[in-house]
Amino acid sequence: MLLVIGFILFSFMFGTFIQTAFGSEEASRTMDEANFAIQPQTAADAMGLDLAQESNQRHVVVAGDTLWALAQAHAPETMDLRQYVHEIKVLNKMQQSVIYEGQVIWLP
């Protein structure tokens, strides 16, 4: 009986590892949403920023938004869009470029 339970647990953990390691978007999304749920409510809270002193703009992600599209809409005219996307990711402590509807992100 313990051998069967051990095999089931091993199979589940191995399957989760494979999905995460090889880029299953659904697994990544589920993990990102779980991580987002336990993080402070905003990126500014996570970094301890005083928004009165910062000039960052709050943006709630809507369907169809991408970091690239946000960069095209909000980056200074002289700034390279790749640099602006990088700054968004750094400001929001993002490791991936995936954003989700309803997510609050800060724009530099």
Side-chain angles (χ1 to χ4, degrees):
M1 182 68 160
L2 289 175
L3 185 60
V4 172
I5 292 172
F7 179 74
I8 292 171
L9 288 174
F10 174 77
S11 298
F12 176 75
M13 291 186 326
F14 185 71
T16 303
F17 169 76
I18 293 298
Q19 285 180 336
T20 303
F22 294 102
S24 168
E25 188 173 324
E26 186 62 34
S28 296
R29 181 178 178 173
T30 303
M31 289 175 57
D32 287 344
E33 288 172 350
N35 290 339
F36 184 73
I38 60 172
Q39 292 178 353
Q41 194 154 11
T42 65
D45 292 341
M47 294 182 288
L49 295 177
D50 180 5
L51 291 180
Q53 296 176 354
E54 294 293 324
S55 62
N56 299 324
Q57 180 181 358
R58 181 179 183 263
H59 177 80
V60 178
V61 177
V62 296
D65 274 351
T66 64
L67 291 181
W68 189 259
L70 292 173
Q72 287 177 319
H74 298 278
E77 200 170 297
T78 58
M79 180 180 269
D80 184 82
L81 295 180
R82 293 170 293 189
Q83 179 62 33
Y84 193 79
V85 168
H86 175 74
E87 289 183 15
I88 293 172
K89 290 174 67 175
V90 169
L91 180 63
N92 291 282
K93 295 187 176 181
M94 299 170 67
Q95 294 180 351
Q96 299 180 1
S97 297
V98 180
I99 55 177
Y100 300 101
E101 187 175 358
Q103 181 179 356
V104 176
I105 60 173
W106 293 92
L107 303 174

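- We find the CD-CG distance between Glu87 and Asn92 to be 11.5 Å, quoted to the nearest 0.5 Å.
- Between Val85 and Trp68 the shortest side-chain heavy-atom distance falls below 4.5 Å.
- Judged by distance alone, with hydrogens and angles left aside, the side-chain atoms of Tyr84 form no donor-acceptor pair with the main-chain N or O of Leu107 at under 3.5 Å.
- Of all non-hydrogen atoms in Pro108 and Asn56, the two that sit nearest each other are CA-OD1, 3.7 Å.
- Remark: side-chain polar atoms of Asp80 are paired, donor with acceptor, to backbone N or O of Arg82 under 3.5 angstrom.
- The two residues Leu81 and Ala75 make their nearest non-hydrogen contact at CD2-CB, 3.8 Å.
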Report task. Apply the test side-chain contact (heavy atoms from CB on, under 4.5 Å) to residues Met94 and Leu67: give CA-CA distance (whole Å), side-chain angles for both, the deciding distance (0.1 Å), then the verdict. Result -> CA-CA 11 Å; Met94 299 170 67; Leu67 291 181; 4.0 Å; yes

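- Counting heavy atoms from C-beta on, the side chains of His59 and Asp65 come closer than 4.5 Å.
- With a 4.5 Å cut-off on side-chain heavy atoms, Leu70 and Ile105 count as touching.
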